[in-house]
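Below you'll find the structure, written out as structure tokens, and then a few comments.
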Amino acid sequence: MTVAASTTQSRYDCVVIGGGHNGLVCAGLLARGGRSVLVLEAGAQVGGAALTREFAPGFRVSAGAHLLHLMPADLSRELQLEAHGLEWAARGMPSTAVVVGGGGLGLGLEEAQQGLSVADAQAYAVYTARMRRFAAALAPMLSRLPPRLGTTAWADRLSMLRIGWEIRKLGRRDMRELLRIIGMNVYDLLEENFDSAALKGALGFDAVLGANLGPRSPGTVLTLLYRLAGQSAAGAAGLSQPKGGMGALCDALAKSASAAGATIRTGAPVATIVVEGDRACGVVLESGESIGAHSVISSADPKVTFLRLLGARYLDTGFVRRVNHIRSHGLAAKLHLALNRAPAFSGVDGSALSGRLLIAPSLQHIEHAYNHSKYGEFSGAPIMEITVPTANDPTLAPAGQHVLSAIVQYAPYALKEGWQSGRQRFMDTALKQLEKFTPGLRGCIVGAELLTPADIEQEFRISGGHWHHGDLAFDQFLMVRPVPGAAQYRTPMDGLFLCGAGCHPGGGVMGVAGRNAAQQVLKSS
Amino acid sequence: MTESLAPHFKQPLLKTPFHERARALSQIDSFVPWAGYTTVDVFSTMEQEYFSIRNATTLYDLTPMVKYRVSGPEAMPYLNRLVTRDVAKLRPDRVAYCVWCNDAGHLIDDGTIFRMGESDYRICTAERQIDWLLDSAIGFDVQIVEVTEQIAALAVQGPTSCAVLKTMGLWGVEKLKPFEIGYFMLGAHPLTVSRTGFTGDLGYELWMEPGAALGLWDALMEAGRSRGIRAIGSQALNVARIEAGFLLPNVDFVSAEHTIRTGRDRSPLELGLGWLVDFNKGHFTGRRALLQEKTQGPRRQLVGLDIAGNKPAHNALLYTDDSGKREIGSVTSAIWSPTCKRNIALAIVDAPHFQIGSTVWAEIYLNRELVWERRMSRAQVVERPFFAPERRRATPPAEF
Amino acid sequence: MRTPRDLDAIIVGAGHNGLVAGCYLARSGLKVLVLERQPYIGGAAVSRQLYENFTYSNCSYVCSLLRPEIIRTLELPKYGLQVIPYEGGVTMMQGGGHLANYDNHDALRREIARHSTRDAEAYDRYARDVMRQCKFIKPLLMREPPDPTSFKPRDIQELLYLGRRFHGLGEERMYDTLRFWTMSAADFLDEYFESEIVKAHFAGSSIIGTALGPRSPGTAYVLLHHYMGDIDDTVGAWGFARGGMGSITKALGASFEASGGTIRSAAPVAKILVRNGRASGVALAGGEEIHAPLVISNLDVRRTFLETMDSKDLPDEFLRQVKNFKIRGSSGKLNIALDGMPRFPAIPEGSPSIRGDMHVTDTIEMMEHAYDDWKDGRWSRAPYIDMLIPSQIDPTMVPDGKHYMSVFVQYCPYELADGPWDAAKRRAFGDTVIDTIAQHSPNFKELILHAEIRTPWDIENEVGLTEGNIFQGELTMDQLLFNRPVPGYAQYRAPVRGVYMCGSSTHPGGGVMGAPGANAARAVLRDLGRAN
């Protein structure tokens, strides 16, 4: 669609599509770079999949991500988030693996000493140190522009060399080990190191969280290292919970952006990106209003951006073919429970509720849970990452009452039976699984909500309901993420940029894609 | 479509609706596979068949040409994004020769697009490519169906072809301008006639239901009896198309969808088809790459060569001089042109040697009674086509 | 057989790679002795008469990967090797129907079009992309993988060579290469085909010999690995060795002996001897010691270093890595003597597809389910089988009118969840396979004269392949190129001077390819200063 310039009512240097965390980070940095910026958010509030909302009368929850652990410290500093109202309900939250038959295994290096055999405890220390070294070596890669292959541009060659150098710096022994394990599956890696099923299950869990993989799938060491690299880049704060939920983070991001001069409009869904003379030059809203821009930056997922907002007609067939092949079927569901008392996990100290609890009793268990998803079924005994945000932040629920927020896997987007009938059955399955570890839980539920990937697609406008906007896997990674030709935040369409989780370095509340994209936009004009 | 009775693993090639007649006329049983069909290479002798193209009327079975029907509200924008030419300019009942490219601006195929109705088009091409056509359709409200087997096609080409068609009863066929489509009835059968062809001469292509094929063939043979009508095979046509300077896929270029090695793809600019590329019509696949190539200038180009001597330069390598030290390209198609009496070829030549008037040297191997001789022949880059008679354009055409 | 004196090298194991290495060394003038545990040579490339007048290729069963340059240099045709391409292939569907593979492009297009016209044409794109990747990989097969952690000129030179070749692909294809080497076969095939049967048909080779399912990342590479072979320049073509797979090793043995090499069979090596930090020879199980300055092991790395060498002779880190080397068996094999040709009603009369590889797994999902069984320590209840009847083409294997059927079975674990293998379980496994075939062939069971059933456990015990892994180590991303067999030791040299590895545990891995043997020989000769 082309709209004549004369009908354009307003004009900005940059229009950012989507007010999720990446869009807001990008907008904030662009505004700081002196650009006039407009953020267009379809929903009634900013935040995208990182927002806080009521799910039962009086109970509020982070509807998407519920923990913050990936956003680089220097980024929050640069955006002055704390000055813009971000407060912490908790930092350095502990992780506990709940054990079948009662009890929990603290995953902190010191707590773990108690629950593990001497050999495992020793191995865990060595393993943790090594993985941290690897993570630290890989961390700088996240904030870099993925190199283009096959070009003679020195920037790209340099970028390749830098990645190589970072790994080289580890020393020969570590480098060899990294090059070996990076292509492995996490199952084999953990089997090489540990005996404890609970420990292996918990460590394996982080490798498959949000991934379309089971622990035996090659590439799961990559996803694990990736997560660890993100945490390494984020700094020492560890798992954190903003006061007021994730929405508070995005509120701070929005305030920071506004303070820098960006305009943020909610309830303003974009219908199309406007092209003139082979250049993106603005957007038209669903309301029909058109807005001109020198650059359009989309935090929507690549499929939505290219195929719906821009349209295949402005792109080459081969490129569209690649976009079409992006694997973006989510398989994590979100379970929210309103409880009239704090949940009690048998044998687990109440203090663990202030951290995250993992239900992933063994690698075998995770793999079995994953098996179902390969066939379009949900897991019979799902795995979960549980937080009780009210343990740290009582404001989220009526006094004395609690919220339980859990990421539940695997719940494939393309459920064979359909989510219409599947939703209730999966809710029951998830509750049954929870009750194995928190007997009597059902009795204290006063409200419940299950967001399946289909719901996440609906509510957050993410194709396939995938929080990474596309599987994080070797073949959708770095210079091939989201697709070759758009992996450097620029797209084949001049003036159109990507800044969402679909780009390097992917999803999770990290904000790095937004920052990397902002740098490219600033460089381009 | 008359499918052979044997299963495909015993008889992989299909037979066209004209096969029965072709089989009967074939004197030397020379058949070759073409796009999944068995077709005649030579009926009697290539020379006689060739001269009929330039002198009388010939019938050539075109049925294996792959045909796709493209329809739906966005058929036109779809085609415009697919091919390099501006399809919006193609009026109903007209045909346009087009090429389409991949993202890198490298040629996937060439073919003709027929506008059969307001939003109804037919692509006619040498190779099957539903895979590319459907991937190109992502995001367009358009239907694409292969109709190869539903449409029999016959090329009627030569200086007397118009007269033959008139004799057969196609009144008004003489009014068709080049690249125009006309609709006729032959008995009870509808017949579509386009003034198109692959000979560079006066000629038409006839499109019909397979059931009408044999009747049409017989009617044409009857009507053309006094005008020297003759069925021809692919060899004779190949001579005519080289004289006309037309390209043949897998001979003069390999589709970018099929190349295995890097550097074997060709862009329309390299193939001398820059005139088909419309940079002002809006986006099409390969546009950005072609624009870049245009700024930088092509690294090689397909050109016509006029070569000394009379031995066709089949597969010859080309050099800057007769020392044969610096290779600058190779011949893709070569013949002795019986009409022009020139030794001509199509060749890919590196920059800057492809300018009209440049001299290059062709390495030709001659088999002289089983003794091979190598000869370096001087060749000059010349304008294409090599042969372009006025009659191919004249409307109405003369009787001969 | 007299053991020659003043040996230059001893090769442990007369498998095809050991013999290939032996041939190259002997041709360079070295005095070489090959020692084989079994009374016959061949390792996993053997032809054996286990039933009267029937010859079985009882381990490996088809030939394509054997490098043509090896066949040529070692003059194997002169010593009796003939490879006959087979004529097609077919996947039979549950409840009738089939998809066949035909050599003729038009026949194949029409065949696939019976299931999907789009797939019939997408096949060309698929074949093109596979071919592009094979063209890239093939020259790497016969080279030593560089050590990326090394600054030695040779390693840097090799890395640069790799880099240049990769760069030579051009931008788009470089991305494709990155993706194809790391994605799952299921995802890879999804990018081309829409029809389940078509995908299942091509997915087969992505799991053969692996401990992965078609949905596991990395299996697209395994698929490519199986296309790497060529017969007379037809890339991806597979064939039978006339006389069974043993004719390959028989020819290698003859070529070796013609160059002056000596083979001693029934001579199991118990220890590789190390003196003063370097190889000094081997000790046989009977106690006999044979001395030579070079010992080249055709055994898999686990067997070589954990069972045949003293751990005190090896660095701890190396041993740790060897222990971590993944070599899980995942395949079984049935060799069946048949009283006549079985009928397969799904395959049309006269179709040559029956003279190729036959399959009965018609969806990727079914294959993946078969893999799930393996993960849980069971043999697949509905296994993927790669079934051939070579006696239709090769007249030397059976009495006239009879047939030999080779059935490769995926998946079958080395260790069962419910305790060790025994005769009853082996029989039950065989019955699962036979029942699977019988579902597609009504007269199959009544034609069976004899069936040899081989589990990974049997393969380990007979052939000596650890855990019965047919590739001497899984072909996963972490065990390819410079990681194969273990990081830092991917160049055929063991940490002990004079000890080399030449088996499929090394780059470029398994299949009857011979490249590891040839590459190892080259490494030995270079160290001796005899490189050409």
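In the text below, chain A, chain B and the rest are named by the order of the sequence lines, each starting its count at 1. FYI, side chains are in, hydrogens and waters are out, and symmetry mates aren't considered; it's all heavy atoms of this structure.
- For C:Arg118, the parts lying near chain B are the backbone and the side chain together; criterion is any non-hydrogen pair under 4.5 Å.
- With rounding to the nearest 0.5 Å, the separation of CG in B:Asp131 from CG in C:Asp119 is 8.5 Å.
- In this structure, the side chain of C:Arg125 does not engage the main chain of B:Glu257 through any donor-acceptor pair within 3.5 Å.
- Neither the backbone nor the side chain of B:Glu127 comes within contact range of chain C; no heavy atoms are under 4.5 Å apart.
- When all heavy atoms are compared, the tightest approach of C:Asp106 to B:Pro12 is CB-O, 3.9 Å.
- Looking at B:Ala104, neither its backbone nor its side chain comes within 4.5 Å of chain C, counting heavy atoms on both sides.
- Among B:Ile130, B:Leu133, B:Ile260, the residue with the largest count of heavy-atom pairs under 4.5 Å with chain C is B:Ile260.
- Heavy atoms of C:Glu171 lying under 4.5 Å from chain B are absent altogether.
- For C:Gln439, the CD atom sits in a packed shell: over 12 heavy atoms of surrounding residues, nucleotides or ligands are nearer than 6.0 Å.
- For the atom pair CZ of B:Phe9 and CD of C:Glu87, the computed distance is 13.0 Å after rounding to the nearest 0.5 Å.
- Residue B:Asp135 touches chain C through both its backbone and its side chain, counting heavy-atom pairs closer than 4.5 Å.
- The salt bridge (Lys or Arg N to Asp or Glu O under 4.0 Å) contacts involving residues 95-105 of chain C comprise nothing, where partners must be two or more places apart or lie in separate chains.
- Taking a 6.0 Å sphere around CZ of B:Arg69, one finds it holds 12 or fewer heavy atoms contributed by other residues, nucleotides or ligands.
- With a threshold of 4.5 angstrom between heavy atoms, B:Asn102 does not approach chain C through any atom at all.
- One finds the NZ atom of B:Lys10 at 10.0 Å from the OH atom of C:Tyr102 (value rounded to the nearest 0.5 Å).
- When the shell of 6.0 Å around CD of B:Gln292 is examined, it contains 12 or fewer heavy atoms from other residues, nucleotides or ligands.
- Contact of the B:Thr259 side chain with the C:Arg132 side chain is registered, since non-hydrogen atoms from C-beta on lie closer than 4.5 Å.
- Annotation: B:Arg299, atom CZ; neighbour count of heavy atoms from other residues, nucleotides and ligands within 6.0 Å does not exceed 12.
- Of all the heavy atoms in C:Gly170 and B:Thr262, the pair that sits closest is N-CG2, 4.2 Å.
- Looking at heavy atoms from C-beta onward, B:Leu14 lies in side-chain contact with C:Arg110 at the 4.5 angstrom threshold.
- Within the 4.5 Å cutoff, the side chain of B:Glu146 has no heavy atoms near those of the C:Thr117 side chain.
- Proximity of C:Arg109 to B:His8: side-chain heavy atoms (C-beta onward) are nowhere separated by under 4.5 Å.
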